[in-house]
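Please read the structure below before turning to the comments.
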Amino acid sequence: QVQLVESGGGLVQAGGSLRLSCAASGRTFSRYAMGWFRQAPGKEREFVAAISWSGTSTYNTDSVKGRFTISRDNAKNTVYLQMNSLKPEDTAVYYCAVSKFLVVVTTMYDYWGQGTQVTVSS
């Protein structure tokens with residue numbers, strides 16, 4: 001069992017930045033890939049970014065490339081999502097999740113956090 005707690009969400013103006021954190025406890029954090037997903041009202045949950053267990057491989061969805069950066073600190077059991085140049089369309093609840101593999105498919109993630117709200121005003 002893995003427990004995940006996201007933090008760092010909030011209200012920001014377009015063009016601003018936020019840094020999300022996801023603290024993990026339970027099974028050995030460093031053995032798992034981690035992902036960030038988001039879900040806007042009335043829309044399906046979508047993939048945002050993922051990072052391998054070692055942190056050496058990352059993958060971002062096209063809409064956030066050049067703006068968002070995923071990273072992790074295995075010593076702190078924490079994964080981060082640095083979000084710059086935020087746009088109103090980035091408004092969503094952001095979730096972190098754990099997977100055995102570096103994948104983008106929601107169903108391949110085994111454990112999920114409760115989410116943190118990010119709101120970007122225009």
Side-chain angles (χ1 to χ4, degrees):
Q1 191 80 10
V2 177
Q3 293 79 41
L4 302 170
V5 179
E6 302 97 335
S7 61
L11 174 63
V12 64
Q13 289 188 334
S17 298
L18 283 174
R19 188 194 196 202
L20 305 184
S21 299
C22 173
S25 61
R27 290 185 177 176
T28 307
F29 171 78
S30 61
R31 295 182 181 176
Y32 293 91
M34 299 292 296
W36 283 98
F37 293 77
R38 64 187 181 187
Q39 187 166 17
K43 295 187 177 181
E44 292 188 354
R45 192 170 297 186
E46 65 173 358
F47 170 81
V48 176
I51 187 166
S52 63
W53 66 271
S54 64
T56 56
S57 297
T58 62
Y59 184 75
N60 290 354
T61 194
D62 287 345
S63 63
V64 307
K65 283 181 179 177
R67 301 189 298 124
F68 291 11
T69 302
I70 188 171
S71 62
R72 68 190 295 164
D73 185 340
N74 287 342
K76 295 182 179 180
N77 284 0
T78 302
V79 63
Y80 305 97
L81 186 67
Q82 178 66 45
M83 306 186 295
N84 299 328
S85 302
L86 282 161
K87 305 175 181 180
E89 51 263 43
D90 294 319
T91 295
V93 177
Y94 283 70
Y95 300 89
C96 67
V98 171
S99 175
K100 297 181 179 67
F101 310 103
L102 183 62
V103 292
V104 305
V105 179
T106 306
T107 54
M108 294 294 289
Y109 283 77
D110 300 311
Y111 301 99
W112 293 81
Q114 294 300 306
T116 184
Q117 176 70 47
V118 171
T119 303
V120 184
S121 63
S122 57

Task: Atom of Leu102, atom of Ser57 and distance for their closest heavy-atom approach - done: CD2-CB, 3.8 Å
Open item on the list: Closer than 3.5 angstrom, by distance alone: can the side chain of Thr78 be matched with the main-chain N or O of Lys76 as a donor-acceptor pair?
Closed with: yes
TODO: Spell out, yes or no, whether Phe47 and Phe101 are grouped together once hydrophobic residues are joined by side-chain heavy atoms under 4.5 Å, including indirect joins.
DONE: yes
Task: side chain to side chain contact (heavy atoms under 4.5 Å, CB included) partner of Tyr59, chosen from Ile70, Ile51, Val104 - done: Val104
Task: Minimum heavy-atom distance between Pro88 and Ala14, given as atom pair plus value - done: CD-CB, 4.1 Å
Task: From CG (Leu86) to CZ (Arg67), nearest 0.5 Å - done: 6.5 Å
Task: Plane angle bin for Tyr94 and Phe68 - parallel if under 30°, tilted between 30 and 60°, otherwise perpendicular - done: tilted
Open item on the list: Using 0.5 Å steps for rounding, measure from the OG1 atom of Thr119 to the CG atom of Asp90.
Closed with: 11.0 Å
- [ ] Scan Thr91, Val64, Thr116, Val118 and name whichever one has a side chain to side chain contact (heavy atoms under 4.5 Å, CB included) with Arg38.
- [x] Val64
TODO: Treating Ile, Leu, Val, Met, Phe, Trp and Tyr as nodes and any side-chain heavy-atom pair under 4.5 angstrom as an edge, say whether Trp36 and Val12 lie in one connected cluster.
DONE: yes
Task: Closest non-hydrogen atom pair between Ser17 and Asn84, with its separation - done: OG-OD1, 2.9 Å
Open item on the list: Quick check: do Glu6 and Leu20 have side-chain heavy atoms less than 4.5 Å from each other?
Closed with: no
Task: Rounded distance [0.5 Å steps], SG in Cys22 versus CZ in Arg72 - done: 10.0 Å
- [ ] Locate the shortest heavy-atom distance separating Ala97 from Leu4; write the atom from each residue and the value.
- [x] CA-CD1, 3.8 Å
Open item on the list: I'd like to know if Tyr32 and Met108 are part of one continuous hydrophobic network [Ile/Leu/Val/Met/Phe/Trp/Tyr, side-chain heavy atoms within less than 4.5 Å].
Closed with: no
Task: Single-linkage hydrophobic cluster Val2~Leu81, side-chain heavy atoms < 4.5 angstrom - done: yes
Open item on the list: Using every non-hydrogen atom in the two residues, find where Gln114 and Tyr95 come nearest and quote the distance to one decimal.
Closed with: O-CE2, 3.4 Å
Task: Pairwise distance CZ(Arg19) to OG(Ser7) - rounded to 0.5 angstrom - done: 9.5 Å
Task: Value rounded to 0.5 Å, distance of OG in Ser122 from NZ in Lys87 - done: 14.0 Å
Open item on the list: Tell me whether Lys65 at atom NZ has more than 12 heavy atoms from other residues, nucleotides or ligands lying less than 6.0 Å away.
Closed with: yes
Open item on the list: Starting from Tyr109, can I reach Met34 by hopping between I/L/V/M/F/W/Y residues whose side chains sit under 4.5 Å apart?
Closed with: no
- [ ] Output the distance between atom OH (Tyr111) and atom OG (Ser99), rounded to the nearest 0.5 Å.
- [x] 11.5 Å
